[in-house]
Amino acid sequence: SATDFQMDYISTIKAADIILSEVRVDSLIEKIIQVILENSGASEACLLIKKNDKFIVHSYGEVKDKVLTKFINLPFEEFQNISHSITNYVINSKKTIILEKAYTNLDYINNSYLVNKKVQSLLCKPIFHKGNTIGAIYLENNFIAGIFSKERTDIINLISTLAGISLENASLYEELDEKVRKRTNELFVANSKLTEMNSLLENTLTDLKTTQDQLIISEKMVMLGKLIAGIAHEINTPLGAIVASNQVVMDLVSENSLGL
């Protein structure tokens, strides 16, 4: 109906705004799961991302009294709340799987996960960015068969497209932020070393100035000693002559006295 279309349109715009406004990967993924659970009809949701060439379940969410999400960070093969074979097929084939009556579907009758959990509805869809698979959305509803209608699937497709763009942008943002933090830290370390070197240089200059002052004083003392020695020499030379002359006079006086 027109009312349902208007509500779906408003929900889609709201979902787009929430997803595109987030730049942190962890917060973005949490919001993607919340938006999906609020708009897709799923009772459980997982968001997988590619990390170091492996796909991990980053976060898991479920609907109880409210939407609950938690951080997982496990390889999808080790996470127990998804079908490993279906997830693996979707990632490698780049195709979406939608099952209306999952655990009774004859094509998956040997899938022990679906049968044991009695999964009613299942949707698993790759997340693309520029043609590359960078993640996947995995959804289940264990109460209602055929919950993923065309209208809900269209919304999930839109969320998936927005998620691909936002995840890539958020990853680039965090990569740039990490480079800025690293560079800032390097500059801080370099500045600390420069400050330390300046302090050491100031201390060295102070010590050099002290040594220089001491050398100047020592040189002055040496020069003063030489000056005093020179003056003493100049004084001693005439005094010596006077003493010698006086001795001659005394000798003459003595000789004259004896002659008389």
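Contact of the Leu167 side chain with the Ile29 side chain is registered, since non-hydrogen atoms from C-beta on lie closer than 4.5 Å. Annotation: side chain of Lys125 is not in contact with side chain of Ile98 (no heavy-atom distance under 4.5 Å). Looking at Ile49 and Ile56, their side chains come closer than 4.5 Å, going by heavy atoms from C-beta outward. Inter-residue side-chain proximity for Val35 and Leu162 is flagged as unmet; no heavy-atom pair is nearer than 4.5 Å. A heavy-atom distance below 4.5 Å is not found between the side chains of Tyr113 and Ile86. Between Thr133 and Lys50, the closest side-chain pair of non-hydrogen atoms is not below 4.5 Å. Lys95 has its side chain within reach of Tyr89: a pair of non-hydrogen atoms, C-beta onward, lies under 4.5 Å apart. Cys124 has its side chain out of reach of Ile137: every pair of non-hydrogen atoms, C-beta onward, lies at least 4.5 Å apart.
For the pair Lys117 and Glu140, the salt-bridge criterion is met [side-chain N within less than 4.0 Å of a carboxylate O]. Looking at Glu186 and Arg183, a side-chain N of the basic residue comes within less than 4.0 Å of a carboxylate O on the acidic one, giving a salt bridge.
As a member of the Ile/Leu/Val/Met/Phe/Trp/Tyr network built from side-chain separations under 4.5 Å, Leu194 groups with nothing else and remains a singleton.
Listed for the Ser121 side chain is a donor-acceptor partner under 3.5 Å among the backbone atoms of Gly146. Asn157 contributes a side-chain N or O that, together with a main-chain N or O of Thr153, makes up a donor-acceptor pair within less than 3.5 Å. Asn132 places no side-chain N or O within donor-acceptor distance of the main-chain N or O of Ile134, the cut-off being under 3.5 Å. Using a distance-only test at 3.5 Å, with no hydrogens or angles considered, no donor-acceptor pair links the side chain of Asn52 to the main chain of Lys54. Looking at Thr87, its side chain does come within 3.5 Å of a backbone N or O of Ser83 through a donor-acceptor pair. With His129 contributing its side chain and Ser166 its backbone, the two residues share no donor-acceptor pair below 3.5 Å. In this structure, Ser199 contributes its side chain and Thr195 its backbone to no donor-acceptor pair below 3.5 Å. Panel note: side chain Asn116, backbone Ser112; a donor-acceptor pair is recorded below 3.5 Å. Checked by atom type and distance alone, the side chain of Ser160 never pairs as donor or acceptor with a backbone atom of Ile156 at under 3.5 Å.
What you find for Arg152 and Ile147 is that their closest heavy atoms are NH1-O, 3.3 Å. Of all heavy-atom pairs between Leu122 and Ala102, the closest is CB-CB, 4.3 Å. Contact detail for Ser43 and Leu37: the closest heavy-atom pair is C-CD2, 4.1 Å. What you find for Ala163 and Ile32 is that their closest heavy atoms are CB-CD1, 3.6 Å. The minimum heavy-atom distance linking Ser85 with Asn111 is given by the pair OG-ND2, 3.2 Å. Of all non-hydrogen atoms in Cys46 and Ile82, the two that sit nearest each other are SG-CG2, 3.5 Å.
Neither Ile33 nor Phe79 shares a network with the other; the hydrophobic side chains, linked directly or stepwise wherever heavy atoms of I, L, V, M, F, W or Y lie under 4.5 Å apart, form separate groups for each.
For Tyr138 and Phe76, the distance between ring centers is not under 6.0 angstrom.
Residue Asn142 forms a side-chain hydrogen bond (donor to acceptor under 3.5 Å, both in side chains) with just one option from Glu44, Lys118, Gln120, and that option is Glu44.
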For Leu99 and Val119: C-alpha separation, side-chain torsions, deciding distance, then whether side chain to side chain contact (heavy atoms under 4.5 Å, CB included) applies.
CA-CA 9 Å; Leu99 302 179; Val119 177; over 6 Å; no
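Rounding to the nearest 0.5 angstrom, the gap separating the CD1 atom in Ile72 from the CG atom in Asn81 is 8.0 Å.
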